[in-house]
Structure formats: C-alpha cells, structure tokens
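Scroll down for the structure; my scribbles are underneath it.
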Number of protein chains: 2
Amino acid sequence: MTEANKEQLRASFIVKQLQSKEYLLKSGELCKFECFVHKGILRSYYCQGEEERITHFSMEGDWVSDYNSLLTKQKSRINIQALEETELLSISPERLEELGLHIPNWDRVGRLFFEKQLREKEKEMELRIALSAEKRYVKLLNEEPIILKRVSLNMIAKYLGIKAESLSRIRKRLASKK
Amino acid sequence: MTEANKEQLRASFIVKQLQSKEYLLKSGELCKFECFVHKGILRSYYCQGEEERITHFSMEGDWVSDYNSLLTKQKSRINIQALEETELLSISPERLEELGLHIPNWDRVGRLFFEKQLREKEKEMELRIALSAEKRYVKLLNEEPIILKRVSLNMIAKYLGIKAESLSRIRKRLASKK
DNA sequence: GGCATTTCTTAACCTAAGTCAATTGTATTA
DNA sequence: TAATACAATTGACTTAGGTTAAGAAATGCC
C-alpha cells in the first residue's frame with residue numbers, strides 16, 4: 001500500500017462520539033457502517049421476548065458492525081449501545097467499495113479480515129455451548145477478565161444467558177470454594 | 001473466470017469417501033483441507049470433559065473444515081465425523097494458494113466466502129443463546145427440519161446441549177400440547 | 001451532607017433439566 | 001430365529017437456575 005493509499009484510507013473515516021447508553025444502531029434500522037473502536041466499550045444485543053440477549057462486547061481495537069445487515073442490506077435485528085463514553089472511527093460500505101477500486105490487494109485484506117472475524121466468532125460460540133452457567137462464568141473470568149472489570153454484572157448475566165440473581169449466587173459459591 | 005481456470009479448479013479437488021462413523025478430522029491433528037460435501041452428512045464436535053458438544057452439522061452443498069486450525073496452523077480441538085456414507089471433494093490450502101496466483105478475483109471469492117460463513121455462524125449462534133431447551137428444539141424443528149430427519153435424537157440432544165432423556169421429555173410434552 | 005437511582009446480594013419457593021437405573025423399541029446379523 | 005447392539009423412552013429423585021420480593025451497597029446529583 002502506498003503512502004497516498006494510506007492517506008486516502010485515513011481520510012475516509014469519520015469520527016463518532018457516543019455518550020454512555022447512546023445507540024450506534026437500533027434493531028429495524030439498516031446498518032451502514034463498519035466502526036473501529038478507538039476508545040470505550042459497546043454491547044451488541046437483541047431482544048428475545050422480554051429478555052435482552054447480549055451477543056458481543058466490543059472495545060478498543062475491535063471492529064463493530066452488524067455484518068448480516070451490512071452485507072445483505074436487510075434490516076438489523078440487533079442493537080449496538082455504548083456502555084461508556086465511546087469514540088469510534090466509522091466508514092461506510094460505499095466508501096469501502098470505492099477504496100477497493102483504488103487500493104491493490106484490497107480484497108485480500110477483506111478476506112483476512114473476515115477470516116479473523118469468523119475465528120473469533122467460533123471461539124465465542126464455545127463459551128455458549130451448553131456448559132453450566134458456573135463454568136461459562138469461570139471461562140469468561142479466565143479468558144476475558146477485562147470484560148468482567150469494565151462491565152456491570154447485570155450485563156455479564158445477560159451475556160451468559162442467566163439472571164443477575166443467579167450470577168450473584170454463582171459468584172458467592174465460587175468465593176466460598178476458594 | 002475463464003474456462004481454463006474452471007478446469008484448473010475442478011482438477012484440484014480430490015474425492016474422499018467416508019463410511020458412517022469414520023473420521024475426517026480428529027482433535028490434535030492439523031486440519032489440512034477444505035471439503036465440499038457432495039453426499040452425506042457429518043458432525044463437528046469437541047469434547048468437554050466427558051461430554052461431546054456438537055457445534056455443527058454439514059451436509060450436501062456445505063463446506064466443512066476447521067478454519068481455526070486451517071488458518072492458524074494450530075492443532076485442531078474438534079472432531080469431524082461422518083454420520084452416513086459420505087462423499088467429499090477435498091482441496092488443500094496450498095493448492096488454494098496456488099490457484100489464487102492464477103485466477104483473477106480469487107481474493108474476492110475468498111472474501112465473499114468468509115463473509116457468508118460468518119453470517120451463518122452468527123445465525124447458528126442465535127440458536128444457542130440461552131433460550132430454554134424446548135424453545136431451542138422448536139426453533140431447530142422449524143428452521144432446520146432436514147437435520148431432525150437425518151440425525152438420531154442422541155445427536156440432536158448433543159447439538160442442543162441437553163441429555164437425550166431431556167429431549168425425549170420435551171418431545172413428549174410438545175406432542176401432548178398439540 | 002442527604003436523597004435518589006442504579007447495582008448487587010439474599011432468601012423462599014418453583015420449575016426445567018440432569019442423574020441413574022430400568023424398560024421398550026428397532027435394526028443388524030449370526 | 002434368537003441374539004446382540006444400539007436408540008428411545010420412562011420413572012424416581014436431585015440440582016441448577018428462574019421468580020418474586022426484599023434489603024444492602026455503591027454511585028450520582030442537588
């Protein structure tokens with residue numbers, strides 16, 4: 001990639017600022033961005049009846065989007081909400097398309113990007129697959145301790161697919177074990 | 001893609017035959033293939049202590065691989081096993097790499113492929129996220145009835161993350177409702 | 001500081017799913 | 001045809017997690 005290309009790329013991003021609890025995307029909308037998280041943390045979730053199901057936390061260095069909506073141009077079913085004051089670098093799919101015409105190896109970059117996303121998704125899925133809630137919590141504790149530190153237990157419970165009360169009991173049980 | 005390219009591509013695949021219960025990949029091995037399922041059905045699973053956790057069923061028209069092992073060159077943690085007599089078209093990552101050098105837009109094809117894989121993975125994850133076992137079963141019944149027809153209830157239970165006995169009870173409960 | 005709001009914990013009770021053990025059903029094959 | 005193996009169900013009992021409601025701790029705000 002030439003210097004001119006890099007400059008082109010940098011100039012294509014728009015800075016977005018979100019307050020805590022502000023939404024980047026709401027279900028029913030079309031997702032028209034890919035965002036790089038520069039500062040802050042967000043949750044992606046969807047509603048299952050009364051329940052909110054958190055699918056993912058995105059923080060510094062991560063990319064956040066609803067790829068399903070973005071790539072198929074269908075309405076999104078997920079909500080993306082900032083959990084802290086958050087700063088994002090946003091780019092539109094049209095702009096990405098344009099860049100692709102000018103920058104060599106662009107598709108290769110895209111391929112590697114999606115390969116990585118897929119691997120992360122597979123890893124994330126392991127956490128979900130039918131361990132007991134306690135084991136899921138311990139796994140999260142070991143593998144993603146940063147999330148535990150930055151996010152309320154309420155959100156962690158929604159991520160683990162259990163009630164906050166249950167999480168509280170699990171934590172108590174674990175504390176008494178050690 | 002030219003006719004010559006297509007021919008090149010076709011010639012790169014090796015036919016693999018598996019009997020029912022034979023393994024395409026065992027955990028601990030390196031995954032060195034991407035396979036197109038021509039006929040048959042396979043399950044991908046890993047072992048969690050004593051339990052087998054099925055992550056995915058692959059059948060006619062699907063691609064099957066352990067992308068994590070394939071792309072990172074690390075030992076696989078998953079097992080891929082045929083559940084019926086199965087015929088696969090297999091290609092090695094080296095051969096794919098070679099083809100990439102000769103076929104225009106190859107990276108684009110790869111990108112679109114992984115985009116699709118990611119979307120499917122996201123969809124699959126929804127099934128997992130903390131619905132009750134009964135709702136997960138009903139969802140599977142509605143969205144993937146073919147799987148139900150082809151695979152033993154034992155396997156379905158392992159896919160849903162419950163015991164076969166529980167699945168049996170759920171089925172009984174549902175039958176009496178209607 | 002004091003008041004409100006959100007976050008977290010606790011308790012009593014209920015339900016879904018796990019466990020263990022036995023039984024029935026069904027293919028396969030000797 | 002019995003004999004074996006595997007698949008599915010059933011029952012009695014236990015346990016993890018949901019439900020509801022209340023209280024404690026932490027946080028923000030005037």
Check your understanding: Would you call the rings of A:Trp63 and A:Phe13 parallel, tilted or perpendicular if under 30° counts as parallel and over 60° as perpendicular?
Key ->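 Because their plane-to-plane angle lies in the 30° to 60° range, the rings of A:Trp63 and A:Phe13 count as tilted.
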Review point. Which of parallel (below 30°), tilted (30 to 60°) and perpendicular (above 60°) describes B:Phe57 and B:Tyr159?
Key: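 Judged by the thresholds at 30° and 60°, the geometry between B:Phe57 and B:Tyr159 is tilted.
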Point to revise | Electrostatic pair B:Glu122:A:Arg77 at N-O distance under 4.0 angstrom | key: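 Salt bridge between B:Glu122 and A:Arg77, a charged N being under 4.0 Å from a carboxylate O: no.
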Check your understanding: Are any of the side-chain nitrogens in A:Arg169 or A:Glu165 under 4.0 Å away from the carboxylate oxygens of its partner?
Key ->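 A salt bridge is absent here (no side-chain N lies under 4.0 Å from a carboxylate O).
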Exercise for review: State, without any angle test, whether B:Arg53 and B:Gln48 hold a side-chain donor-acceptor pair at a distance under 3.5 Å.
Suggested key: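 No pair is found: no donor N or O on one side chain lies under 3.5 Å from an acceptor on the other.
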Check your understanding: With the sugar-phosphate defined as primed atoms, P, OP1 and OP2, and the base as all remaining atoms, what B/S/- string results for nucleotides 11-30 of chain C, 5' to 3', for protein heavy atoms under 4.0 Å?
Key -> SB----SBBBB---------
Can you tell me how far [atom2] of [N] sits from [atom1] of [X], to the nearest Å?
X        : N      : atom1 : atom2 : answer
A:Asn154 : C:dT6  : CG    : P     : 12 Å
A:Leu83  : C:dT6  : CG    : C1'   : 14 Å
A:Arg150 : C:dT7  : CZ    : P     : 17 Å
A:Lys21  : D:dG28 : NZ    : C1'   : 11 Å
A:Arg171 : D:dA16 : CZ    : P     : 19 Å
B:Ile156 : D:dA7  : CD1   : C1'   : 13 Å
A:Lys135 : D:dG17 : NZ    : C1'   : 15 Å
A:Gln19  : D:dG28 : CD    : P     : 14 Å

Check your understanding: Which part of the nucleic acid, if any, lies within reach of A:Ser168 when heavy atoms closer than 4.0 Å are counted: base, sugar-phosphate only, or nothing?
Key ->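 Result for A:Ser168 = base.
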Practice item. List the steps and the verdict of salt bridge (charged side-chain N to carboxylate O under 4.0 Å, His left out) for A:Arg95 and A:Glu98. Key: CA-CA 5 Å; A:Arg95 185 68 188 132; A:Glu98 274 174 51; 2.7 Å; yes
